[in-house]
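The structure under discussion appears below in the form of structure tokens.
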Amino acid sequence: MRYNERELLSLARQPAEKAAEILMRVPKKGSVLKKRLVKLVVNFLFYFRTDEAEPIGALLLEHCRITKEEENVFSISFIEEPERKYCFECDSEQQCQEWIEALKRASYEFMRRSLIFYRNEIQKMTGKDPLEQYGISEEARFQLGTHKQ
Amino acid sequence: MKLNERSLAFYATCDSPADNAGFLYKRGERHTAYHRRWFVLKGNMLFYFEERESREPVGVIVLEGCTVELCDSAEEFTFAIRFGGTKSRTYVLAAESQAAMESWVKSLSRASFDYLRLVVRELEKQLEEMRRGPAGGCGGCRQSPASWKPKPSGPERFPERLLALPTVLPKENGCAVWNNAPGVDRLPNTSGCGGHDGEGNLRPPPLPPRRRASSSEAGSAGAATAESPSTFCRLHEQYGREVAQLQQDWLERQHGPQL
């Protein structure tokens, strides 16, 4: 699949919501835990060799499942292939929990659901649509019902 | 760089609702020939397929950080997706009608995760403030004045980057941009508690001149003037501070006369 790699690389250089050196294992046969710089930017998780400027890879965090595994460990898998897991071993249980929370919120779809929820709540409380002041209340992607296709 | 392509392909083709979909002509990179492709917009990812029934996308354009503009082109209904870097490619697309073009430009220009996040944060704050305030006034009242206390100025009361870019796109590279005129029906400003901007009309704020930002004390580090930002996000930030000030002014005005 073609993609605009230059822009993705540029995204990888932007300030991250979260970044840390974490041991990571990819779901490939025989792969082992390796220390990586892991960086969360919007709905992408980039991972770098610790001394390199360009990421080895990127994971788009849509339709994925974040699972707590054993102590200090969490995994990311994608719903179409739940057994293929990217594993991350943190330094502490706290770090592990923080990453799980951050990654769960990191998808566009999660953000969209939050927006629809807040919009609805505010509308219930005030009788006003809070998106009106931004001129986006008709925007298809923010509607409560099914999106237009 | 590796990308989880299988998951991407799944995301593109699964039955989660798309934010836009339709045929567009895509201009080739080297050659100026246009190819008709089936495009599907999901979140900040614009996928394109050879055919509507294709099982896998030919490619994807990650839209984060892009600007969308109309094109001055011999072809009708063209628009472009541009990125900030020096060597980045510009994607030139052509729709099959004026309406389709407008629909695509609108949805693409608001497709970034960053934009969505700004809106969510703002709504989150609004909700929090409403819940914190004493129980609202009369049922059906648009806004209880008590729940909209005037905020002390200072960066902690307003998020650093308030949404301020609803319909007017940044002129990142100085080209004409899509100006989404508010043709949308809006609720009339009946109770006087409407959440409208400081101009007192129903429109979203126009593209603010730089100089207005410098007097803002709400979260502005005074850096809103001068150098042209090189990123979409930084523009959000700048405009956001101005709207933060406008909003604060409005809220203070609301609180005063209503009591």
Side-chain angles (χ1 to χ4, degrees), chain A residues 1-12 14 26 41-44 46 54-60 62-64 78-81 84 86 106-109 111-112 114-115 117-119 121-122 125-142 146-149, chain B residues 1-11 14 16-21 42-45 56-62 64-66 83-85 87-89 106-107 110 113-114 116-117 119-120 123-124 126-127 130 136 140 142-143 163 166-167 180 182 184 186-187 194-197 203-204:
Chain A
M1 196 190 313
R2 280 184 246 144
Y3 66 97
N4 47 336
E5 187 170 33
R6 214 172 275 128
E7 281 71 44
L8 204 51
L9 288 173
S10 159
L11 196 62
Q14 299 210 359
V26 298
V41 182
V42 296
N43 52 347
F44 279 96
F46 296 100
E54 234 183 64
I56 306 168
L59 299 176
L60 174 71
E62 299 295 334
H63 292 229
C64 65
F78 295 89
I79 58 176
E80 79 281 2
E81 277 179 311
R84 272 188 97 237
Y86 293 80
S107 73
Y108 191 100
E109 297 304 322
M111 278 284 158
R112 193 212 305 272
S114 306
L115 183 144
F117 173 76
Y118 291 137
R119 177 189 190 184
E121 288 295 296
I122 292 173
M125 287 173 81
T126 65
K128 256 201 77 32
D129 178 0
L131 293 190
E132 277 211 350
Q133 60 185 304
Y134 304 123
I136 52 176
S137 50
E138 300 306 310
E139 185 79 8
R141 78 183 78 226
F142 301 141
T146 51
H147 300 182
K148 292 177 231 161
Q149 188 110 14
Chain B
M1 176 172 50
K2 296 194 205 106
L3 197 53
N4 52 330
E5 288 189 22
R6 276 215 290 272
S7 314
L8 262 160
F10 179 79
Y11 182 45
C14 76
S16 71
D19 295 311
N20 208 337
K42 286 193 180 180
N44 55 353
M45 311 292 282
E56 227 180 67
V58 170
V60 63
I61 303 170
V62 179
E64 207 63 28
C66 77
F83 293 90
K87 286 194 251 162
S88 14
R89 179 185 163 175
K106 233 198 312 191
S107 50
R110 293 174 182 153
F113 184 95
D114 224 28
L116 182 60
R117 183 167 45 191
V119 183
V120 170
L123 294 191
E124 216 166 16
Q126 281 187 27
L127 196 57
M130 281 159 55
R142 290 291 166 87
Q143 270 166 66
L163 176 71
T167 58
N180 181 17
V184 171
R186 296 174 194 282
L187 295 176
H196 300 298
D197 61 53
R203 263 187 258 282

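Convention: sequence-line order gives letters A, B, ...; per-chain numbering from 1.
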Quick one: pull up [atom1] in [X] and [atom2] in [Y] and give me the separation to the nearest 0.5 Å.
X: A/Glu7; Y: B/Ser88; atom1: CD; atom2: OG; answer: 5.0 Å
X: A/Phe44; Y: B/Glu64; atom1: CZ; atom2: CD; answer: 8.5 Å
X: A/Phe78; Y: B/Tyr11; atom1: CZ; atom2: OH; answer: 12.0 Å
X: A/Leu115; Y: B/Arg117; atom1: CG; atom2: CZ; answer: 13.5 Å
X: A/Phe46; Y: B/Met1; atom1: CZ; atom2: CE; answer: 6.0 Å
X: A/Met125; Y: B/Leu127; atom1: CE; atom2: CG; answer: 6.0 Å

Margin query: Looking only at heavy atoms and a cut-off of under 4.5 Å, which of B/Gly43, B/Gly59, B/Pro57 has the most pairs with chain A?
Written below: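 Between B/Gly43, B/Gly59, B/Pro57, the count favours B/Gly43.
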Next item on the list: Would you indicate whether B/Glu124, at its atom CD, is surrounded by more than 12 heavy atoms from other residues, nucleotides or ligands within a distance under 6.0 Å?
Entry: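 Counting neighbours around CD of B/Glu124, more than 12 heavy atoms of other residues, nucleotides or ligands fall under 6.0 Å, so yes.
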Checklist line | Contacting moiety of A/Glu62, where chain B heavy atoms sit under 4.5 Å | finding: side chain
Checklist line | Interface moiety of A/Leu9 toward chain B, non-hydrogen atoms closer than 4.5 Å | finding: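 A/Leu9 touches chain B through backbone and side-chain heavy atoms alike.
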Flag the one option from [options] with the top tally of heavy-atom pairs under 4.5 Å to chain B.
options: A/Gly57, A/Ala58, A/Ser10; value: A/Ala58
options: A/Leu11, A/Leu8, A/Asn43; value: A/Asn43
options: A/Leu59, A/Ile79, A/Leu60, A/Asn4; value: A/Asn4

Check: Does a side-chain heavy-atom distance below 4.5 Å link B/Asp19 with A/Arg112?
Finding: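 With C-beta onward as the side chain, the pair touches.
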